[in-house]
Amino acid sequence: MTTTIHVNELESLLIAIIVLFLGYFINSKVKILRKYNIPEPIVGGLVVAFIITFFHFQGFDISFKLSMQDSLMQMFFATVGLAASYKLLMKGGSRVFLFLGIATVFIIIQDAVGVGMSKALGLDPLLGLIVGSITLSGGHGTGAAWSQTFATDYGLNTLELSMAAATFGLIMGGIIGGPIAQRLINKHNLKSDFGESGNHHIEHPDLITYSDREEDRITSKNTIEVLFILLVCVAGASHFKDFIDGLGISALRIPEFVYALFIGVFITNVCEGTKCYKINKETVDALGTISLSLFLAMALMSLHLWELMDLAMPMLIILAVQTVVLGLFTYFVTFRVMGSNYDAAIIAGGHCGFGMGATPTAVMNMGSLVSRNGPSPQAFMVVPIVGAFFIDITNLLVLQGYISFLGH
């Protein structure tokens, strides 16, 4: 008999902060983690997840109340929108579509690997899509949605497999992104255009770094003002989603945080164009870093690692191969096509995040990298927009193509 221990909302937030402190402490003591930029939420979150898994097998489940988790994610993506001034969009907008093309090509390869290995191992080829782009590029939400479709249309019960595969991908995407990007940076001696160290905000007041080592000169007034704007983005995202769904085009399955991002883009460009109000970018930077860190800590500490044990050995083999394929693709293709420069290396690290996990994992990888090597505002514009919105559309088209090809 299993006993469930319920942790209330305040205590859950407290544990999330402890997860971050634990990650900071372990990284400060373990040189290899610092060397390869393994993000603190991954380190601390996995330690706590293993502890919770131990209690699970002792007959105790721990249930966190994490109602703030989605709001924190939306607040972070709102800061990404607030950082996207029209000057930055004009300068690097074409790179969004270039990266979208790269990510789409990889999805095709990812599903080919999944389907091909499933056939070779004597499994239903549709299961190859589950351990392909459905869960790896799509994440837990896409996996759950497609599991319902597979159960209804094809009689395949894949929900547990989907959740386990998505969990595996989330962990591996956070682990391989930093080492791959750091190796590219070291091998090619790449430097940030804004320098590696120093207080970037003094020389570049409008720069948003998402570095937890940056000195942010903020005031209580600035904090309240920017917090108000972020909450407008979060609240507005919910209303916009309801409005769009009411138009009958909810099949696009646009997540709420995408609306928060684009509301942020709208607000920052209206303010910049009319000069009616100057948004304090250092405050945006600080609140963005805080919200992302707490969101990821909550996501990692609530992982059910025992679900990975539901993966049969053939599925683990396929997922291991998928991890290697993604690493090779980002190292040799993403980096080169995106320009073989510092921004391209950071983008490659981000691609590891959402190619195996989710967009927040991608941003976490990039945040860890820029904290050590210097800002890359272009990467923080390109990767979240593609990973949070466009990739879901191309993923849907690719999956439909594979299902038709397989004769279902």
Side-chain angles (χ1 to χ4, degrees), residues 76-110 137 173 177-178 180-182 184-185 188 190-195 200 204 206-211 257-258 261-262 264-266 268-269 272 281 284-285 288 326 329-356 358-370 373-395 397-398:
F76 166 72
F77 280 102
T79 68
V80 173
L82 292 176
S85 68
Y86 70 90
K87 293 178 183 177
L88 184 60
L89 291 171
M90 291 296 291
K91 182 179 178 181
S94 61
R95 293 173 69 81
V96 169
F97 296 100
L98 178 61
F99 183 55
L100 175 61
I102 296 170
T104 302
V105 169
F106 176 71
I107 282 177
I108 296 172
I109 294 172
Q110 193 172 56
S137 290
I180 287 174
Q182 192 63 51
L184 288 168
I185 291 169
H188 299 283
L190 303 174
K191 304 292 182 184
S192 168
D193 292 339
F194 301 92
H200 298 100
H204 309 280
D206 292 332
L207 181 65
I208 293 183
T209 63
Y210 294 112
S211 169
F257 64 80
V258 174
L261 186 153
F262 284 115
V265 172
F266 175 77
T268 197
N269 285 286
E272 194 167 310
K281 296 300 176 68
V284 172
D285 200 345
L326 174 62
F329 186 90
T330 56
Y331 190 89
F332 290 106
V333 179
T334 303
F335 174 67
R336 292 181 181 180
V337 175
M338 292 307 296
S340 299
N341 55 17
Y342 176 74
D343 289 326
I346 302 299
I347 289 171
H351 194 183
C352 288
F354 82 77
M356 282 293 290
T359 306
T361 311
V363 178
M364 174 184 65
N365 286 348
M366 297 191 299
S368 181
L369 288 161
V370 300
N373 300 287
S376 177
Q378 195 165 97
F380 277 91
M381 180 194 71
V382 170
V383 174
I385 290 177
V386 172
F389 177 54
F390 289 117
I391 201 64
D392 287 332
I393 298 174
T394 59
N395 193 15
L397 296 174
V398 171

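Throughout, residue positions are numbered sequentially from 1 according to the sequence presented. Atom set for the values below is all heavy atoms of this structure, side chains included, hydrogens, waters and symmetry mates excluded.
Distance check, rounded to the nearest 0.5 Å: CG of Asn365 to CD1 of Ile347 gives 13.5 Å. Distance CG/Leu98 to OG1/Thr334: 10.0 Å, rounded to 0.5 Å.
Remark: Phe106 engages Phe329, His351 in a ring-ring contact (aromatic ring centres under 6.0 Å, His included) (not counting sequence neighbours). In terms of the side chain to side chain donor-acceptor pair (under 3.5 Å) criterion, residue partners of Ser137 (sequence neighbours excluded) are, by chain and number, Gln110. With sequence neighbours excluded, the residues that form a side chain to side chain contact (heavy atoms under 4.5 Å, CB included) with Thr268 are Leu82, Ile279, Lys281. Remark: Asn395 pairs with Ser133 by the side chain to side chain donor-acceptor pair (under 3.5 Å) rule, at least two apart or across chains. Under the side chain to side chain contact (heavy atoms under 4.5 Å, CB included) criterion, Phe266 pairs with Val270, not counting sequence neighbours. In this view, Ala362 and Phe354, Val383 satisfy the side chain to side chain contact (heavy atoms under 4.5 Å, CB included) rule, not counting sequence neighbours.
Between Ala379 and Pro384, the closest heavy-atom pair is O-CD, 3.6 Å. Of all heavy-atom pairs spanning Thr104 and Ile391, the tightest one is N-CD1, 4.3 Å. The minimum heavy-atom distance between Cys352 and Leu326, with the atom names listed, is O-CD2, 3.5 Å.
Here the side chains of Ile346 and Gln378 are not in contact, with every heavy-atom distance at 4.5 Å or above.
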